Amino acid sequence: MGAPAIEVKGLQFSYNDTPILEEVTFSVEQGDFLGLLGPNGGGKTTLLKLLLGILKPCGGVIRVLGEVPHNAKHRVGYMPQNTDFNINFPISVLEIVLMGRLYGSRIWGRHSRKDHLKAEEVLKKVGMWEHRYTPIGYLSGGQRQRVFIGRALATDPEILFLDEPTASVDPEFETDLFDFLRELNKEVTILVVTHDIGVISRYVKSVACVNRTMIFHKGGEITPEMIDMAYGCPVDLVAHGLPHRVLPAHEEE
Amino acid sequence: MWDALQFEFMRNALLAGVLVSISCGIIGSLVVANRLVFLSGGIAHAAFGGIGLALYLGFSPTLGAALFSVAVSMIMGGVSLKSKHRADTIIGVLWAVGMALGIILIDLTPGYNVDPMSYLFGSILSVSKADSWFTAALDVVIFLIILAFYREFLAMSYDEEFAFVVGVPVRFLYFLLLCMTALSIVMIIRVVGLILVIALLTIPPYIAEKYTNSLWKMMVLSSLLGILFTFVGLWLSYSYDFTSGATIILVAGVAFFLTQIIHSINGRTLQAHRR
């Protein structure tokens, strides 16, 4: 405790000499609920993968819970954007959720009773308990997404990273999910990548916008005019409260 | 069939078929799930370099192939991680260079009239007791490793990225898997030859995947299918005097196409039901 949940300074990342992220600097306090906006290809998922240690930065410093990203592994939960890879793999819903309980497991190990109770708890939470023995390939896109959210929760994370968690779920589940996340946010820091401005306005505590660089907006309300602007150009969302103060780096390219 | 069993070479061949099919089913399932089929083909062919080297230097070709293919698998694995986008090209190069090296080394081996065909197409009928012992030991080691890290291998095979995020040592497991794959391939070469390794490594798991709902069941069914294919193949090759390795693969191939057809018909009726 004490250390910021996420601390990023001067982060650079390029892919085959194409810069994806430049000079990204921000910090997220523990207990925050951060919504990450930005155009497609703006680097949201890349930033998430850097924070998780899946990708290595080309420059700059990242600290997650005061540690180098991958060292905080058992303290973060992650839900990827795509849930349709390996669709024919013979694996059940329960097995997927139990993947979230792998950290610190003994070799030769089977999952403990505690792991199974946790899996039951999160599967009930996401409404997939009755499908626990169903192979993943038999589920719809929305159902798969619930399973993957369940898996992220099964890690008992201190920070939860969700990449477009509501991309293909029905609106009802979306509201349920965010109500649930808000409840969870009392204990857990949450970072969610989303396109949904409505969700941002109702649930998150702070907003950041990523497009090559990042503009971070800590706390405060999100006003209706911000949302309007966000629809026009998400980048402008940063100009929170001061509609015309767009930072130089974000000027139109 | 039964009269064939009185020959010791036939009993050895059947034993070798069972033992190889076990490791083949376990490792093949992981190879298919982790999309290492091309890499495995590369290992199998490059292994010929090790066979040539062993013959040239005068030690056991099986040992030579084992050392060489493990080394090559590590290089290929490293390349796959480092330069993902050209990994297939580099594997293809190593594949060909390994084979060429083996052939030249055999050319250079003085007074040694080795028949490369037995390595290219296998010779299960000349498998020795020692080979079978080695395969049995390998089966035990592979079984214990998979038992120890089953959940980790499952996580890596299904979603490597997530497995990495939760702290599964995916890199270690990846190289461990390559190592086991390389050693299994060396034993499969004895049975069906290096050209046909890929078929015995991939066809059983591919069929098994369609009829199972978990990775370990897929492994068990793959092993059983492998045993079935080698037995039927051996019986046909004995009865009609065909090359054993090729017959085994053709049996597997027929099963592959049959299940494909059955599955696509079933798939259609299933879809009709859902509608």
Side-chain angles (χ1 to χ4, degrees), chain A residues 15-16 45 48-49 51-55 64 69-83 85-111 115 133-138 140 148 151-152 154-157 161 163, chain B residues 29-35 81-86 143-173 176 205-222 260 263 267 270-271 273-274:
Chain A
Y15 189 74
N16 288 342
T45 297
L48 218 59
K49 289 189 174 177
L51 293 172
L52 290 163
I54 295 168
L55 297 172
V64 175
H70 194 50
N71 288 353
K73 54 202 167 195
H74 57 288
R75 302 163 71 187
V76 304
Y78 167 53
M79 186 210 151
Q81 186 174 3
N82 293 322
T83 60
F85 57 89
N86 259 340
I87 206 86
N88 294 320
F89 195 89
I91 191 168
S92 69
V93 166
L94 183 62
E95 284 178 303
I96 288 178
V97 170
L98 283 170
M99 278 176 71
R101 304 295 303 171
L102 274 175
Y103 178 80
S105 55
R106 301 133 296 168
I107 64 165
W108 307 108
R110 299 167 64 87
H111 286 287
D115 294 340
Y133 299 123
T134 309
I136 191 71
Y138 286 47
S140 71
F148 276 62
R151 182 179 69 168
T155 53
D156 258 335
F161 294 91
D163 198 350
Chain B
S29 297
L30 289 171
V31 162
V32 169
N34 287 280
R35 301 187 180 86
L81 292 178
K82 273 247 155 114
S83 57
K84 276 204 162 87
H85 298 275
R86 285 293 168 264
F143 180 75
L144 290 177
I145 290 174
I146 298 302
L147 204 62
F149 296 110
Y150 176 75
R151 295 174 308 168
E152 285 78 4
F153 273 116
L154 174 67
M156 176 179 87
S157 306
Y158 178 66
D159 186 351
E160 189 189 338
E161 214 163 65
F162 185 84
F164 173 80
V165 169
V166 292
V168 172
V170 284
R171 194 143 295 188
F172 167 73
L173 293 179
L176 184 63
Y206 184 82
I207 296 173
E209 191 182 45
K210 292 191 194 306
Y211 297 98
T212 50
N213 56 14
S214 75
L215 182 63
W216 71 265
K217 287 181 194 160
M218 179 176 164
M219 291 172 168
V220 171
L221 183 57
S222 303
Q260 280 293 89
H263 208 260
L270 200 69
Q271 270 175 6
H273 268 291
R274 276 185 191 161

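Quick caveat, the model's predicted, so the values are computed rather than measured. Below, chain A is the first sequence line, B the second, and so on; all start at residue 1. Computation of the quantities below employed the complete heavy-atom set of this structure, encompassing side-chain atoms and omitting hydrogens, waters and symmetry-equivalent molecules.
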Is it the case that over 12 heavy atoms from other parts of the model lie below 6.0 angstrom from the OH atom of A:Tyr133?
no

Could you look at A:Ile136 and say if it's the side chain, the backbone, both or neither that has a heavy atom under 4.5 Å from chain B?
side chain

Of the non-hydrogen atoms in B:His85 and A:Tyr15, which two are nearest, and what is the gap between them?
NE2-OH, 2.9 Å

Do A:Ile96 and B:Phe162 come close enough that some side-chain heavy atom pair is under 4.5 Å?
no

Tightest non-hydrogen contact, residues B:Phe164 and A:Gly53, listed as CE2-O, 3.2 Å

Could you tell me which of A:Gly77, A:Pro80, A:Pro90 has the largest number of non-hydrogen atom pairs under 4.5 Å with chain B?
A:Pro90

Non-hydrogen side-chain atoms of A:Asn86 and B:Arg35 separated by less than 4.5 Å:
yes

Under 6.0 Å from the CD atom of B:Glu209, do we count more than 12 heavy atoms belonging to anything else shown?
yes

Between B:Val166 and A:Tyr78, is a side chain to side chain contact (heavy atoms under 4.5 Å, CB included) present by the stated rule, with each step listed?
CA-CA 9 Å; B:Val166 292; A:Tyr78 167 53; over 6 Å; no

Please check this pair: side chain of B:Asn213 against backbone of A:Pro135, looking for a donor-acceptor N/O pair closer than 3.5 Å.
no

In Å, rounded to the nearest 0.5 Å, how long is the span from CE of B:Met218 to CD1 of A:Ile91?
11.5 Å

Look only at the side chain of B:Asp159 and the backbone of A:Phe85, and say whether a donor-acceptor pair between them is shorter than 3.5 Å.
no

Within-4.5 Å side-chain heavy-atom neighbours: B:Arg151 and A:Leu102:
yes

Engaged part of B:Ser29 at the chain A interface, taking heavy atoms whose separation is under 4.5 Å:
neither

Heavy-atom distances under 4.5 Å only: say whether B:Val165 touches chain A with side chain, backbone, both or neither.
both

Measuring heavy-atom distances to chain B, does A:Phe148 have an atom under 4.5 Å in its side chain, in its backbone, in both, or in neither?
side chain

